[in-house]
A.B. asks: 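First, the structure itself, so that you have it in front of you.
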There are 2 protein chains.
Amino acid sequence: MGISKIDKMQNLSKNQQIIFDLINKSPEPLKAYTILFNVQKKGIKAPLQVYRALDKLVEIGKIHKIESRNAFIACHNSSCQVAKATAFSICEICEKVTEISSAGLSKYLANFKDKDGMKYSKYNLEFFGLCKKCR
Amino acid sequence: MGISKIDKMQNLSKNQQIIFDLINKSPEPLKAYTILFNVQKKGIKAPLQVYRALDKLVEIGKIHKIESRNAFIACHNSSCQVAKATAFSICEICEKVTEISSAGLSKYLANFKDKDGMKYSKYNLEFFGLCKKCR
DNA sequence: AACACTATGTAATAATATAACATTTATAAG
DNA sequence: CTTATAAATGTTATATTATTACATAGTGTT
Ligand SMILES: [Zn+2]
Ligand SMILES: [Zn+2]
Ligand SMILES: [Zn+2]
Ligand SMILES: [Zn+2]
């Protein structure tokens with residue numbers, strides 16, 4: 001009765017867990033060096049330790065990278081089934097970022113065909129505008 | 001009979017023109033320091049000169065930034081009316097990037113409402129997959 | 001034990017981007 | 001033409017983001 005693959009995917013390593021916890025409790029996307037600064041008291045001293053954990057967390061879908069901001073947020077789509085099909089809204093004033101989980105949007109994009117008839121299961125969409133508070 | 005705003009927008013400054021020409025004739029997205037290296041013979045010596053021209057060219061829609069690659073490509077949608085509503089396909093093997101101009105897609109995204117009923121006229125969408133050649 | 005795989009630690013460096021300040025050129029008005 | 005203003009340029013230094021390279025340690029399997 002060993003650890004199944006699914007269980008294993010949920011078990012983060014020490015550094016991964018420290019960094020995930022920080023991102024997960026943050027109300028806003030965090031940048032790599034902000035993360036580094038905030039976990040130094042926990043013994044993570046070098047950029048590479050942060051980037052390695054971030055890479056893994058992105059890969060398994062626990063966090064997403066906001067490409068236009070070089071920052072990272074935790075996934076809140078019930079541990080995202082769509083780690084590779086992401087959509088966000090970004091406020092251009094306060095920089096608030098919200099992950100969009102819309103079945104309609106996912107479906108539309110997953111079924112979208114380019115002019116060669118090609119479909120793409122992996123995508124990243126960033127919407128820009130003003131959030132409720134900033135309007 | 002002065003120069004109209006439209007004419008003006010088409011007149012790039014010296015540095016802008018040099019850098020646009022380079023990007024425009026490139027078959028693939030170019031990175032800022034690749035651009036810098038390639039325009040040094042034309043007298044552009046510093047990163048900032050490149051970044052300033054890039055900023056302006058992006059602003060007026062002559063080029064687009066591929067956020068996930070930190071690289072720039074020329075717009076080929078007849079001098080993009082949609083400088084702020086962009087979509088690309090990116091090959092994960094050969095890194096070929098193609099701008100997608102689909103009326104259906106633009107329309108869908110421009111009309112998309114998030115769960116607060118908010119619409120976004122500005123967005124960037126990056127699809128990932130394998131290009132024809134790499135499949 | 002032997003092996004493969006994943007994660008960690010550390011130092012150095014590469015790649016990407018901006019701040020600050022001085023000067024020049026282009027455009028518009030009076 | 002002159003003055004005012006905005007846009008663009010030139011230059012140096014520095015900030016920010018990310019990776020290479022190499023050594024070590026843990027984890028699970030056979
Ligand atoms: Zn998610
Ligand atoms: Zn806001
Ligand atoms: Zn375009
Ligand atoms: Zn390809």
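Chain letters run A, B, ... following the sequence lines, proteins first, then strands; residues in each count from 1. Just the heavy atoms: all of them, side chains too, but no hydrogens, waters or symmetry mates, feed the values below.
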A.B. asks: Would you say Ser13(B) reaches dT9(D)'s phosphate, i.e. side-chain N/O to OP1/OP2 under 4.0 Å?
C.D. replies: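 For dT9(D), OP1 or OP2 has a side-chain N or O of Ser13(B) closer than 4.0 Å.
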A.B. asks: Nearest 0.5 angstrom please: Ile44(A) CD1 to Arg52(A) CZ, how far?
C.D. replies: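 The CD1 atom of Ile44(A) sits 11.0 Å away from the CZ atom of Arg52(A).
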A.B. asks: Between C1' on dT16(D) and NZ on Lys65(A), what's the gap in Å once rounded to a whole number?
C.D. replies: 12 Å
A.B. asks: Could you tell me how far apart Asn11(B) (CG) and dT25(C) (C1') are, to the nearest whole angstrom?
C.D. replies: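 The answer, rounded to whole Å, is 14 Å.
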A.B. asks: I need the OH-C1' distance between Tyr51(A) and dT10(C), as an integer number of Å.
C.D. replies: 17 Å
A.B. asks: At under 4.0 Å, does any side-chain N or O of Asn15(A) touch on OP1 or OP2 of dG9(C)?
C.D. replies: yes
A.B. asks: Could you state the CD1-C1' distance from Ile66(A) to dT17(D), rounded to the nearest angstrom?
C.D. replies: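 Rounded to the whole Å, the gap is 16 Å.
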A.B. asks: Output the rounded distance in Å from CG (Asn70(B)) to C1' (dT19(D)).
C.D. replies: 13 Å
A.B. asks: Which of the following nucleotides, dA18(D), dG10(D), dT20(D), is nearest to the side chain of Lys14(B)?
C.D. replies: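 Closest nucleotide to the Lys14(B) side chain: dG10(D).
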A.B. asks: Once the angle between the rings of Phe127(A) and Tyr123(B) is folded into 0 to 90°, is it parallel (under 30°), tilted (30 to 60°) or perpendicular (over 60°)?
C.D. replies: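 Perpendicular, since the angle between the ring planes exceeds 60°.
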A.B. asks: Please state whether the phosphate of dT9(D), meaning OP1 or OP2, lies under 4.0 angstrom from any side-chain nitrogen or oxygen of Gln49(B).
C.D. replies: no
A.B. asks: Check this for me: does any side-chain nitrogen of one of Arg69(A) and Glu126(A) sit under 4.0 Å from a carboxylate oxygen of the other?
C.D. replies: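 A salt bridge is absent here (no side-chain N lies under 4.0 Å from a carboxylate O).
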A.B. asks: Quiz question: going by heavy-atom distance under 3.5 Å, is there a donor-acceptor pair between the base of dA15(D) and the side chain of Tyr33(A)?
C.D. replies: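 No pair found.
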A.B. asks: Whole angstrom is fine here: how far is it from CG in Asp55(A) over to C1' in dA18(D)?
C.D. replies: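 So the CG-C1' distance, Asp55(A) to dA18(D), works out to 10 Å.
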A.B. asks: Check whether any side-chain heavy atom of Thr98(A) sits under 4.5 Å from a side-chain heavy atom of Ile90(A), and report yes or no.
C.D. replies: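 Side-chain contact under 4.5 Å: no.
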A.B. asks: Measure CD/Gln16(A) against P/dT27(D) and give the value in whole Å, please.
C.D. replies: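 These atoms are roughly 13 Å apart.
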A.B. asks: Can you check whether Ala46(B)'s main-chain N or O pairs, donor with acceptor, with Gln49(B)'s side chain at less than 3.5 Å?
C.D. replies: yes
A.B. asks: Whole Å only: how far is the CZ atom of Phe72(A) from the C1' atom of dT16(D)?
C.D. replies: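 One finds 13 Å between C1' of dT16(D) and CZ of Phe72(A), rounded.
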A.B. asks: Look at the side chain of Lys45(A) and decide which nucleotide, out of dT11(D), dT10(C), dA18(D), has an atom nearest to it.
C.D. replies: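 Selected nucleotide (nearest to the side chain): dT10(C).
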A.B. asks: Start at the 5' end of DNA chain D and walk down; is the nucleotide closest to Lys31(A) or to Arg52(A) reached first?
C.D. replies: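 Residue closer to the 5' terminus by nearest nucleotide: Lys31(A).
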A.B. asks: Would you indicate, yes or no, if dT6(C) has its OP1 or OP2 atom less than 4.0 angstrom from a side-chain nitrogen or oxygen of Lys56(A)?
C.D. replies: no
